[in-house]
Amino acid sequence: MSDSVTIDGITVGYSQIVRNDIRNTYLKFDGDTLLLISKRRLKNPQELIKKHKTWVIKNYLQVTGKMHFFDEGRIFYQGTPFTVERQFYAGRPRVSINSENSRVIVKAANDISAHAAIVKQIRKKSLDYSASQANAKAAQIGVNISSVKVRKTKRWGACNSKKSISFNSFISMLPTDISDYVVSHEVAHLKELNHSKRFWDIVRELSPEYKRLRKELQKYDNTERPIFNNMEGYPDIGHI
Ligand SMILES: [Zn+2]
C-alpha cells in the first residue's frame, strides 16, 4: 500500500512494509519512496514520519537530487534543511539559527528585510568558517594566505597568484565534510595554481575523501532564491 505525506511543503510518497524478522521500526528510502519497515502494521505512520521530519526531508532531497540552498520557508545550513519562521519585529532584524530543532527564527518587519538578514547571517557564518579552516589547512602544508573573502558568485571557491582566496558566500550551507573539501581545494592552489597530479596530491593530503566529496558537491545548488513570498523589489534574487 502506498500513500503520501506533505511536510513543510514537500510531498513524500511512502509505503509500509511488515517484516517478522525485525525488532525495531525503521525508515529508509527506496528511490524516492520512503519505506516504513516494522514488525507490525503502524496505526499512524504519518506521525512517525513527522517525528523524523528533518531526516526525511534531508534524505528525500538527497535521493531526488534537489538540494537547493534556498526554498520557500526553508534554507540549508551545514547540509541540513532548516525551517524558517518569520516573526514580526519593527526594529533592526535579528536572526537565530537553532541547530537543535533545525529552525531559523527571523524577526523582521517584512519579507525582504527578513530574507536579507538571513543572507547576511549566512555570509558571516561562511566567512568565519572558511577563514578559520583555510588558515588551519594552510598551516598544515606550510603556506601563507594573504586574505580570505566570501563572494556572491556561482563558483564555490577561487584562488589567485597573490595568495588571496575567496569562497562562495553560502559555503556554510554545505555539509561540513563537503565544505572542508572546497576549502582544501583552494588552499592546495596556494602551492599549485593548476589542476596537475601534484595539485590533487595536496588536496588528498588535506581532504582524503576528496573524490567522493567532489562528486557530492555537484548535487548542491547555491542559487539565491526567495525564502519568503513577498520579495518584489529585492535586488539580488536571480542574479549572480
Ligand atoms: Zn581548482
Side-chain angles (χ1 to χ4, degrees), residues 2-17 22 24-38 42 44-86 95-106 114-115 118-119 121-123 125-126 128-130 133 156 167-183 207 209-228:
S2 142
D3 220 324
S4 72
V5 57
T6 300
I7 328 161
D8 293 347
I10 292 180
T11 301
V12 180
Y14 67 88
S15 4
Q16 285 206 55
I17 293 176
I22 56 157
N24 297 317
T25 299
Y26 65 97
L27 304 175
K28 75 167 203 179
F29 273 94
D30 176 22
D32 58 2
T33 303
L34 177 64
L35 304 180
L36 290 83
I37 302 159
S38 56
L42 302 169
N44 196 344
Q46 301 209 353
E47 194 178 313
L48 180 74
I49 296 170
K50 282 179 180 158
K51 196 175 152 200
H52 296 284
K53 72 170 204 173
T54 301
W55 183 91
V56 170
I57 293 174
K58 183 177 176 173
N59 284 276
Y60 178 79
L61 294 172
Q62 230 156 24
V63 296
T64 55
K66 292 169 198 153
M67 308 290 270
H68 302 293
F69 277 176
F70 293 88
D71 245 319
E72 206 175 302
R74 187 175 60 250
I75 61 162
F76 268 76
Y77 182 61
Q78 295 182 341
T80 298
F82 278 59
T83 305
V84 179
E85 187 187 318
R86 180 164 89 77
V95 178
S96 65
I97 299 176
N98 189 341
S99 293
E100 262 142 54
N101 58 8
S102 305
R103 285 191 98 75
V104 174
I105 308 286
V106 55
H115 179 101
I118 291 171
V119 167
Q121 180 79 346
I122 291 289
R123 188 186 165 90
K125 298 270 186 195
S126 293
D128 291 349
Y129 170 84
S130 57
Q133 288 294 101
W156 293 106
F167 295 102
N168 188 287
S169 42
F170 303 134
I171 190 174
S172 61
M173 299 171 101
L174 284 169
T176 49
D177 55 350
I178 301 180
S179 49
D180 186 83
Y181 155 69
V182 173
V183 173
S207 176
E209 291 206 60
Y210 77 96
K211 279 189 181 160
R212 174 180 66 83
L213 299 167
R214 191 173 175 227
K215 221 185 225 170
E216 281 185 31
L217 177 63
Q218 291 168 3
K219 280 194 214 160
Y220 292 86
D221 177 2
N222 59 26
T223 311
E224 184 180 344
R225 305 192 307 169
I227 308 171
F228 303 101

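Below, all heavy atoms of this structure are taken into account, side chains as well, without hydrogens, waters or symmetry copies. Note that the structure is a prediction, hence the values are computed from the model and not measured.
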**Q** Would you say Thr25's side chain and Ser38's backbone share a donor-acceptor pair under 3.5 angstrom?
**A** no
**Q** What is the ring orientation for Tyr60 with Phe29, classed by angle as parallel under 30°, tilted 30 to 60°, or perpendicular over 60°?
**A** tilted
**Q** Can you name the residues that form a side chain to side chain donor-acceptor pair (under 3.5 Å) with Glu209, not counting sequence neighbours?
**A** Arg212
**Q** Under the rule for side chain to side chain donor-acceptor pair (under 3.5 Å), what residues qualify as partners of Lys125, not counting sequence neighbours?
**A** none
**Q** List for me each residue that meets side chain to side chain contact (heavy atoms under 4.5 Å, CB included) alongside Asn101, sequence neighbours excluded, and say none if there are none.
**A** Asn98, Arg103
**Q** Tell me, please, which residues at least two apart from Asp32 pass salt bridge (Lys or Arg N to Asp or Glu O under 4.0 Å).
**A** none
**Q** For Ile37, check side chain to side chain contact (heavy atoms under 4.5 Å, CB included) against everything at least two apart and list the hits.
**A** Ile17, Arg19, Ile22, Tyr26, Lys28, Leu35
**Q** For Gln121, check side chain to side chain donor-acceptor pair (under 3.5 Å) against everything at least two apart and list the hits.
**A** none
**Q** Only one of Asn44, Leu42, Leu48 forms a side chain to side chain contact (heavy atoms under 4.5 Å, CB included) with Gln46, so which one is it?
**A** Asn44
**Q** State which residues pass ring pair (Phe, Tyr, Trp, His ring centres under 6.0 Å) with Tyr210; sequence neighbours excluded, sorted by chain then number.
**A** Trp200
**Q** Got a sec, which residues hit salt bridge (Lys or Arg N to Asp or Glu O under 4.0 Å) with Arg86, two or more places apart in sequence or on another chain?
**A** Asp111
**Q** What pairs with Asp71 under side chain to side chain contact (heavy atoms under 4.5 Å, CB included), at least two apart in sequence or on another chain?
**A** His68, Arg74, Arg225
**Q** Identify the two heavy atoms, one from Thr223 and one from Phe70, that lie closest to each other, and give their separation to 0.1 Å.
**A** O-CD1, 3.3 Å
**Q** Who pairs with Thr54 by side chain to side chain donor-acceptor pair (under 3.5 Å), at least two apart in sequence or on another chain?
**A** none
**Q** Just to verify, what does Asn24 make a side chain to side chain contact (heavy atoms under 4.5 Å, CB included) with, not counting sequence neighbours?
**A** none
**Q** Please name all residues satisfying ring pair (Phe, Tyr, Trp, His ring centres under 6.0 Å) with Tyr77, sequence neighbours left out, ordered by chain then number.
**A** Phe82
